[in-house]
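Reminder, nothing fancy here: chain letters follow the sequence lines and each chain counts from 1.
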Protein chains: 2
Amino acid sequence: MNGRFSIAMHIMTLLCAGEDSLLSSEFMAGSININPVLVRKELSNLLKHGLISSQMGKNGGYALAKPAKDITIAGIYEAVKPDAVLGQAKNQPNPACPIGKQINAHLKQLDAEIEQVMLNKLGTTTLAEFCNKFE
Amino acid sequence: MNGRFSIAMHIMTLLCAGEDSLLSSEFMAGSININPVLVRKELSNLLKHGLISSQMGKNGGYALAKPAKDITIAGIYEAVKPDAVLGQAKNQPNPACPIGKQINAHLKQLDAEIEQVMLNKLGTTTLAEFCNKFE
DNA sequence: TGATATGTAATAAAAATTATTACAATACAA
DNA sequence: TTGTATTGTAATAATTTTTATTACATATCA
């Protein structure tokens, strides 16, 4: 997995901490310390998943779409999750080999099981709780 | 995460299925369908973690270091696991921002918790059980 | 002693990620 | 109604990571 979950969590934490006002992508990029366009790209994705709302034009910006206590870390993870939690190689296993022929199906099943326990655990913490850890 | 776990699982499954003989990196590369040097690199890592044994010279090759029933998927995962299960961005958050200053520490803690539940789950299946799924 | 392996370093090629530039669309406010 | 600040998005470039390849030293068997 790449850095998208970290970036998404950073964004959501900022929006949670600044819950009363709209935050700009420029401001968030300054905190995260990455390019503002990348921030907007992730914001666009979070928007699509209904986690945040946006306001265009001057004095526009972003805010949480619902109270932080109603957003779980699992919900945020779902918005950015990779195809395979355990990673996936780009190779095409040899179909003439009895192991190669079946390995991807079995790995996929294993991956699904692991994703489930991860989501269960991530679902026990809300964004509000995560945000409360900050002083 | 990249494809290392998949490759490692493929290797370990091949060694499990061919438990009676030594397998060469060339043969395994043919099943996985990647470059033999990459296979040897991963074999080198699995060796370092005590999961397999190797025999140099003609008629050499690789084998499991212990019975497949004594190897868990968690053990294999440990050998290839990334620094962060949930991924890590390469940015350096702004230390002047109260959120940026602390986010990495909190994300690291979250990551450790998730890794724990993953390992718990992966620890419930042995390589022998995984291998038995193949027909 | 020749053939076949492992083990590993160095380098090249390909793919993925991140950054940058550019600009259209929108909304506020003077 | 016009200038300014902002979202939204496409196109491209730069960087980093992953994968492949080449090369060769070392080991073991027959």
Side-chain angles (χ1 to χ4, degrees), chain A residues 1-8 10-11 14-15 18 21-30 32-49 51-65 80-84 86-94, chain B residues 1-8 10-11 14-15 18 21-30 32-49 51-65 80-84 86-94:
Chain A
M1 187 173 183
N2 50 24
R4 282 186 62 201
F5 177 72
S6 299
I7 302 300
H10 197 141
I11 288 171
L14 287 169
L15 292 177
S21 62
L22 292 178
L23 301 187
S24 74
S25 59
E26 201 79 31
F27 170 79
M28 293 190 265
I32 302 171
N33 200 15
I34 62 172
N35 194 283
V37 176
L38 293 185
V39 177
R40 290 207 284 274
K41 267 194 190 143
E42 195 53 70
L43 286 163
S44 171
N45 179 55
L46 294 168
L47 205 52
K48 201 175 65 189
H49 281 83
L51 291 168
I52 64 174
S53 65
S54 73
Q55 169 90 47
M56 285 182 83
K58 191 168 178 180
N59 303 329
Y62 302 85
L64 296 180
V80 300
K81 81 176 173 199
D83 289 344
L86 296 169
Q88 56 195 350
K90 297 154 199 73
N91 66 314
Q92 269 204 278
N94 188 345
Chain B
M1 189 174 183
N2 51 22
R4 281 186 63 200
F5 178 71
S6 300
I7 301 301
H10 197 141
I11 289 172
L14 288 170
L15 293 178
S21 61
L22 292 180
L23 301 187
S24 74
S25 59
E26 202 79 30
F27 170 78
M28 293 190 265
I32 302 171
N33 201 13
I34 62 170
N35 193 284
V37 177
L38 292 185
V39 178
R40 292 207 283 276
K41 265 194 192 144
E42 195 54 70
L43 285 164
S44 170
N45 179 56
L46 295 168
L47 204 52
K48 201 174 66 188
H49 282 82
L51 291 168
I52 64 175
S53 65
S54 73
Q55 169 91 45
M56 287 182 83
K58 191 169 178 179
N59 303 329
Y62 302 84
L64 296 180
V80 301
K81 81 177 173 199
D83 289 344
L86 297 169
Q88 55 194 348
K90 297 158 199 71
N91 66 313
Q92 269 205 278
N94 188 345

Can you check the [X] [atom1] to [N] [atom2] distance for me, whole Å?
| X | N | atom1 | atom2 | answer |
| --- | --- | --- | --- | --- |
| I32(A) | dT17(C) | CD1 | C1' | 16 Å |
| L46(B) | dG7(C) | CG | P | 12 Å |
| F5(A) | dT17(C) | CZ | P | 17 Å |
| L38(B) | dT6(C) | CG | P | 14 Å |
| K48(B) | dG7(C) | NZ | C1' | 14 Å |
| N35(A) | dA14(D) | CG | P | 14 Å |
| Q92(B) | dA19(C) | CD | P | 12 Å |
| E42(B) | dT6(C) | CD | P | 15 Å |

For [X], give me all partners under side-chain contact (heavy atoms from CB on, under 4.5 Å), at least two apart in sequence or on another chain.
| X | answer |
| --- | --- |
| S6(B) | A89(A), L107(A) |
| L23(B) | L14(B), L15(B), S21(B), F27(B), M28(B) |
| N33(A) | Q92(B) |
| N59(A) | none |

Problem set entry | B/S/- contact track for nucleotides 4-9 of chain D, protein heavy atom under 4.0 Å | BBBBBB
Exercise. What residues form a side chain to side chain donor-acceptor pair (under 3.5 Å) with N94(B), not counting sequence neighbours?
Worked result: none
Exercise. Is there a side-chain contact between L43(A) and S54(A), using heavy atoms and a 4.5 Å cut-off?
Worked result: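 In short, these two side chains do not touch, never coming nearer than 4.5 Å.
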For this session: Looking at every strand, decide which applies to I34(B) at a 4.0 Å heavy-atom threshold: base, sugar-phosphate, or nothing.
Result: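 I34(B): backbone/sugar contact only, no base atoms under 4.0 Å.
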